[in-house]
Every structure is written in structure tokens, then in C-alpha cells.
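Taking it in order: structure first as C-alpha cells, then the write-up.
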Amino acid sequence: MKRLLRDGRHRLALASVTSVLVAAGVALIAPGLAQAADTLGAAAAQSGRYFGTAIAGGRLNDGAYTTIAAREFNMVTAENEMKPDATEPNQNQFNFSAGDQIYNWATSHGMKVRGHTLAWHGQQPGWMQQLSGSALRSAMINHINGVMGHYKGKLTAWDVVNEAYNEDGSRRQSNLQGTGNDWIEVAFRTARAADPSVRLCYNDYNIENWNYAKTQAVYNMVKDFKSRGVPIDCVGFQTHFTGGSSLPSTFQQTLSSFAALGVDVALTEVDVTNASTTQYAGLTQACMNVSRCIGITVWGVRDSDSWRSSENPLLFAGGGNKKPACTSVLNALNAATPTPTGPTPTGSTSTSPTPTPPGGANEIRGTQSGRCIDVPNASQNNGTRVQLYDCNRQSNQQ
Ligand code: G3I
């Protein structure tokens with residue numbers, strides 16, 4: 001499919017595919033059709049990306065909050081409600097009420113949902129904090145199976161492992177690390193088996209600067225996983241440019257270097273001290289310039305919703321007005337190339353703006369169904385009709 005899109009000799013074939021897709025209710029973005037959009041989600045969608053926010057369940061009864069969130073975003077991450085302390089408060093007793101409330105709100109507003117997070121040293125329930133060794137390893141596996149089983153087929157990605165590294169590039173000495181150095185790959189292998197349809201991400205902060213030990217350590221882990229067949233599909237760069245951090249000049253290089261390993265990249269928890277317009281524009285541009293940067297999520301709606309509200313780090317003021325940083329992000333999103341038009345980028349530092357659609361490398365997903373364009377039985381016969389089918393990452397969907 002990607003070859004069809006990128007090879008002018010197949011324009012006629014693309015035209016007939018397009019008519020089938022339109023009939024099937026699939027939105028395609030054609031070259032040259034981009035218009036300035038005035039909401040973040042619509043602007044990001046022009047280049048096949050999403051723009052998301054963290055949602056706090058406790059604010060869903062705040063009409064001003066939900067109005068902005070529903071208008072502006074098309075991806076949601078539960079800020080706290082899908083974390084281990086929320087989903088398994090007592091061992092082997094799962095509770096999805098808070099997570100489901102956010103999932104249901106998001107999907108009823110046409111948004112997709114990222115899962116956050118399964119294996120993390122933070123926000124563990126008390127019983128988990130007290131476990132160690134093989135008991136904790138078993139509990140981690142059971143937790144992943146329980147939570148992913150509940151959301152099977154429903155989410156676009158899971159942050160399987162969160163924040164496993166120290167600033168110097170060593171492993172964080174958490175109770176999970178104490179179960180053995182292989183705990184991260186066991187988490188990913190467990191996750192793939194639990195729900196083969198969802199993308200599996202490693203997520204961390206302070207990994208945006210390419211010349212930083214922690215960034216290199218995570219890069220080497222992903223490289224190792226890819227070389228050994230450990231399932232990993234994406235890396236989340238939290239992009240907290242708050243609390244003393246700021247946009248590094250190497251961010252785009254970092255994103256493209258990870259992408260060259262064969263994973264999608266995403267900005268997953270963005271906030272910026274005083275919502276610097278130049279930093280917001282720069283981080284957005286870095287994503288737009290990397291084809292496998294599939295979307296951006298800010299860590300809250302209004303400044304007053306932020307975990308660092310004293311830094312006023314978000315795109316909407318407490319009163320609900322769009323801040324200048326929001327305009328700078330919109331401008332960068334609207335300037336992005338609408339569809340892949342050039343050759344597939346190769347090499348480790350490609351920065352050509354050739355976005356892939358959300359859903360993974362080379363897939364085309366229906367915006368309503370979330371399903372993928374699929375060539376039945378991988379047929380190569382002239383006249384074969386393509387269809388919508390559950391996404392499976394196989395070659396007949398690329
Ligand atoms: O819900 C309780 C409330 O009942 C209680 O009265 C109150 C008193 O402290 O605490 C409330 O829980 C707080 C929770 O947020 C909900 O507001 C917790 O104390 C507080 O620790 C928790 O903070 C969250 C933090 O993760 C904890 O690690 C933030 O909301 C959340 O934004 C933040 O998100 C993390 C990402 O998951 C991972 N990356 C970093 C990011 C920022 O720290």
C-alpha cells in the first residue's frame with residue numbers, strides 16, 4: 001500500500017483504491033488538500049497524526065474542561081486511572097471503573113485512547129510495593145494480563161514500561177529491577193501475548209536530548225530488543241520541559257534515531273515552563289519532521305489542570321482561553337506536509353517530513369473504524385478489492 005501511495009506510476013490504482021475507501025467510510029488525506037485547521041486534533045490529522053491530552057477522571061464533570069478537551073483533542077491518556085494502584089488495588093482484584101470512565105468518555109467523543117501504564121516503580125498499590133523477587137515478577141505478569149485482557153482490542157497503545165532508567169543511564173533500582181534485569185523484556189513479551197493488536201511502548205522523561213546518557217541507554221535497550229525480537233513498537237518521549245528541563249536542540253535527531261530502529265515515536269506528556277511559544281513550536285516541528293513521529297499528547301488541558309500548575313505549562317489558560325503557545329503549535333501542525341510524497345527515508349538520521357498514518361508503519365486506518373486497509377489473502381491479482389480488517393501488522397496491510 002505504501003508503494004502505491006509513493007509511486008506515481010500507480011496513480012490510477014490509487015484512484016480506484018480511493019473510491020473503495022471513500023465508499024467504506026475511510027478518510028484519506030490527499031496531497032495538496034491541507035487547510036489551516038483551528039483545533040489541535042484536526043490540525044494534526046492533516047499529516048496523519050493525532051493530538052492528545054491527559055484526562056483526569058475527577059474533572060469530567062467540569063463542563064469548561066470537557067468542552068475544550070472534546071473540541072481540541074483526538075487522543076486521550078488517563079492521567080492516573082489506568083495505573084497499577086487504580087487498576088489492581090488489591091492483589092488479583094481488578095478495578096476498571098475509573099479507567100473505563102475515561103475510556104468511555106473518550107470514545108464517545110470519537111477519540112482514541114493510549115494506555116498508561118502497566119509496569120512502573122511509581123503508583124504501585126501498597127501490596128505490590130511490599131513484594132519482591134519471584135512473587136513480584138509473577139504479580140507483574142498477572143497485572144499485565146489482567147489489565148490488558150480487560151482493554152484487549154480497545155486501545156491504540158500501551159505504555160508497557162515507564163521510567164525504568166536513571167539519569168546516568170543505569171537501571172533505576174526499583175523493586176521491579178530487583179526481580180532481575182530481564183523484567184522489562186518479560187513485561188513486553190507478556191504484553192504482546194496479552195493483546196497482539198495494541199502497540200507496545202517504552203515511556204520515559206529526560207530522553208529528548210540525544211547527547212544524554214539516559215537517552216543513549218534507552219536507545220541501546222530498544223536496539224537490543226529489536227535485534228533479539230523482543231516485541232516493542234514505540235517509544236514515548238514524555239517531553240516534560242518543566243521543573244528545570246527545556247527543549248534540547250537535538251530533539252529531532254533523537255526522534256529520528258529511535259525511529260530508524262524500526263519503532264514509532266510519540267511525545268506523550270508534553271508541558272513547558274510558562275508555555276514558551278518557541279519551545280512548543282520547536283517540539284512540534286521536531287515531531288512533524290520525523291515520519292514515524294505519530295502524535296503529540298500534552299499533560300493536561302488548562303494550566304489549572306497541570307501537575308505543575310504553578311509553571312502555567314499548558315496550551316489553555318485556567319479560564320479556558322487559547323494561549324499563544326497553542327497558536328504556535330497549530331501553526332507548526334498546519335505547516336506539516338499532508339501526506340507522504342517522497343521516497344521512504346533511509347539511514348539513521350532521516351528528517352524528511354514524510355508522516356506515516358497513525359496506527360503504525362505503513363498502515364492506513366479508517367478514522368471511524370480504527371481498522372486497517374487489507375489486501376485479502378495478500379493477493380497480487382489485478383482487480384483485487386481491498387477491505388477493512390482488524391489491524392495485524394502483516395505485509396498485506398502495508
Ligand atoms: O486522588 C488523591 C486524593 O484523594 C488525595 O486527597 C490527594 C492528596 O494527596 O491525592 C490524590 O492523588 C494524587 C493524584 O495525582 C491525583 O490527583 C496523588 O497524590 C498524586 O501523587 C498524583 O500525582 C500524579 C503523579 O503522576 C504521580 O506519580 C499526577 O497527577 C500525574 O500527572 C503524574 O503523571 C506522571 C506520569 O504518570 C508519568 N510521568 C510523569 C508524570 C508527572 O509526574
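Note that ligands are numbered from 1 as they come in the structure, with each ligand's atoms numbered from 1 the same way.
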Just list the side-chain donor-acceptor pairs under 3.5 Å for residues 71-78, sequence neighbours left out, or say none.
| from | atom 1 | to | atom 2 | distance (Å) |
| --- | --- | --- | --- | --- |
| Glu72 | OE1 | Leu40 | N | 3.0 |
| Asn74 | OD1 | Phe51 | N | 2.8 |
| Asn74 | ND2 | Gly41 | O | 3.1 |

- Query: Taking atom NZ of Lys226 and atom CE of Met221, what is their separation to the nearest 0.5 Å?
  - Reply: 11.5 Å

- Each residue besides Trp307 in its hydrophobic cluster should be listed here, by chain and number; the cluster joins Ile, Leu, Val, Met, Phe, Trp and Tyr at side-chain heavy-atom distances under 4.5 Å. Trp299

- Query: Nearest 0.5 Å, what's the CG-CG distance between Asn312 and Asn274?
  - Reply: 6.0 Å

Table please: side-chain donor-acceptor pairs of residues 139-148 below 3.5 Å, with sequence neighbours left out.
| from | atom 1 | to | atom 2 | distance (Å) |
| --- | --- | --- | --- | --- |
| Asn142 | ND2 | Asn92 | OD1 | 3.0 |
| His143 | ND1 | Glu88 | OE1 | 2.7 |
| Asn145 | ND2 | Ile141 | O | 3.3 |

- Below 4.0 Å from any atom of ligand 1, which residues have a heavy atom? Give them in chain and number order, please. Glu79, Asn80, Lys83, His116, Trp120, Gln123, Asn162, Glu163, Gln238, His240, Glu269, Trp299, Trp307

- Is the closest basic N to carboxylate O distance between Arg292 and Asp264 below 4.0 Å? yes

